Protein chains: 2
Amino acid sequence: MKDSEYKDIGKLFKVLSDPVRLQIIDLISCKEMCACEILEFLSISQSTLSHHMKVLKECGIVTSRKDATWVYYSIVTEFINDLKEKFNNITSDTSDCFCYTIKIECKK
Amino acid sequence: MKDSEYKDIGKLFKVLSDPVRLQIIDLISCKEMCACEILEFLSISQSTLSHHMKVLKECGIVTSRKDATWVYYSIVTEFINDLKEKFNNITSDTSDCFCYTIKIECKK
DNA sequence: CATATATATTGACAACTATCAATATATTAT
DNA sequence: ATAATATATTGATAGTTGTCAATATATATG
């Protein structure tokens with residue numbers, strides 16, 4: 001696995017490291033919700049929610065569609081599954097770990 | 001799911017959000033390694049590695065055993081699996097999502 | 001005891017970010 | 001047109017953290 005891939009996966013985990021964003025994901029994984037509906041469940045300001053939704057969208061975890069004044073958000077399941085698979089890869093003994101491809105000189 | 005649970009899971013994802021720590025996990029998921037061996041694979045200082053190993057240990061993802069001057073690190077698989085399960089819970093429509101337990105007043 | 005190696009800790013600094021109030025934009029209803 | 005509602009953007013701020021050099025501690029070896 002390349003350096004850049006660890007960075008990319010790290011960025012996604014960074015997005016998932018915020019408890020509010022985890023709550024949002026939990027909510028919209030049950031059903032599609034508009035921002036004002038999500039906001040009712042949380043105790044944050046509207047601008048903060050808007051910020052979180054932007055972060056979730058920009059990284060690919062969430063998608064949205066606009067209907068009149070409302071913006072409906074939902075989870076991109078394939079994207080999440082892809083991340084899960086990559087994490088499985090990292091946490092198990094797989095041949096594409098860079099410990100098999102990089103030669104090191106260890107004095108041990 | 002309680003507020004504190006989202007916080008706890010968020011903290012674990014925070015730990016996983018660093019690309020260097022992801023590399024370390026990838027390495028030691030292949031086989032147990034001592035710090036100096038891990039260091040050979042990475043381009044960071046020894047003190048930085050020590051810091052990362054402390055973070056990984058303190059959150060429960062990694063465990064260690066000391067043998068002479070060497071400290072050997074390995075993954076706590078059950079812990080990782082537990083996190084994966086919790087993430088599956090968050091990213092799917094499950095009855096313990098707080099959208100089912102909290103009553104909201106939405107004008108929609 | 002002295003030297004070398006392995007690991008941990010401390011302190012400092014730069015970079016990042018979650019949050020809010022205020023404001024802006026867009027759409028609907030009256 | 002005006003008011004109300006939904007969402008986004010713009011600073012500003014406070015808190016967090018990854019990194020390194022320097023230092024400390026621990027163990028083995030000669």
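Letters A, B, ... mirror the listed sequences (proteins, then strands); counts begin at 1. Atom set for the values below is all heavy atoms of this structure, side chains included, hydrogens, waters and symmetry mates excluded. What you see is a predicted model; the values in this text were computed from it and never measured.
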side-chain contact (heavy atoms from CB on, under 4.5 Å) partners of K66(A), counting only residues at least two apart: V71(A)

Go through the structure and list residues passing salt bridge (charged side-chain N to carboxylate O under 4.0 Å, His left out) with K54(A), not counting sequence neighbours. none

Which residues pass the side-chain hydrogen bond (donor to acceptor under 3.5 Å, both in side chains) test with [X], not counting sequence neighbours?
| X | answer |
| --- | --- |
| S64(A) | K57(A) |
| H52(A) | R21(A) |
| T94(B) | N89(B), D96(B) |
| E32(B) | R65(B) |

Is there a residue in residues 21-32 of chain B whose heavy atoms reach under 4.0 Å of DNA chain D, and which residues are they? R21(B)

Sorted by number, residues from residues 52-62 of chain B placing a heavy atom under 4.0 Å from DNA chain D are H52(B)

N-O pairing of E58(B) and K11(B) below 4.0 Å: no

Heavy atoms, side chains only, cut-off 4.5 Å: are [X] and [Y] in contact?
| X | Y | value |
| --- | --- | --- |
| M53(B) | I38(B) | yes |
| W70(B) | E37(B) | no |
| I24(A) | L49(A) | yes |

Tell me the interatomic distance from [X], atom [atom1], to [N], atom [atom2], rounded to whole angstroms.
| X | N | atom1 | atom2 | result |
| --- | --- | --- | --- | --- |
| L42(A) | dC20(C) | CG | P | 11 Å |
| E37(A) | dT5(D) | CD | C1' | 15 Å |
| L39(A) | dT5(D) | CG | C1' | 13 Å |
| D18(B) | dT17(D) | CG | P | 11 Å |

Which salt bridge (charged side-chain N to carboxylate O under 4.0 Å, His left out) pairs, counting each pair once, include a residue from residues 75-95 of chain B, with sequence neighbours left out? D82(B)-K86(B)

I need a per-nucleotide contact map over nucleotides 25-30 of chain D, read 5' to 3'. Cutoff is protein heavy atoms under 4.0 Å; write B for the base, S for backbone only, - otherwise. -SBS--

Can you pull every protein N or O that's under 3.5 Å from an N or O on nucleotides 20-23 of chain D?
from	atom 1	to	atom 2	distance (Å)
dC20(D)	OP2	S45(B)	N	3.0
dC20(D)	OP2	S45(B)	OG	3.1
dC20(D)	OP2	T48(B)	OG1	2.6
dA21(D)	N6	S47(B)	OG	3.0

Enumerate the ring-ring contact (aromatic ring centres under 6.0 Å, His included) contacts for residues 2-26 of chain B, please, sequence neighbours excluded, ordered by first and then second residue. F13(A)-F13(B), Y6(B)-F98(B), F13(B)-F87(B)

Value for CG (L83(B)) from CD1 (I61(B)), rounded to nearest 0.5 Å, stands at 7.0 Å

Presence of K14(B) side-chain N/O under 4.0 Å of dG18(D) phosphate oxygens OP1/OP2: yes

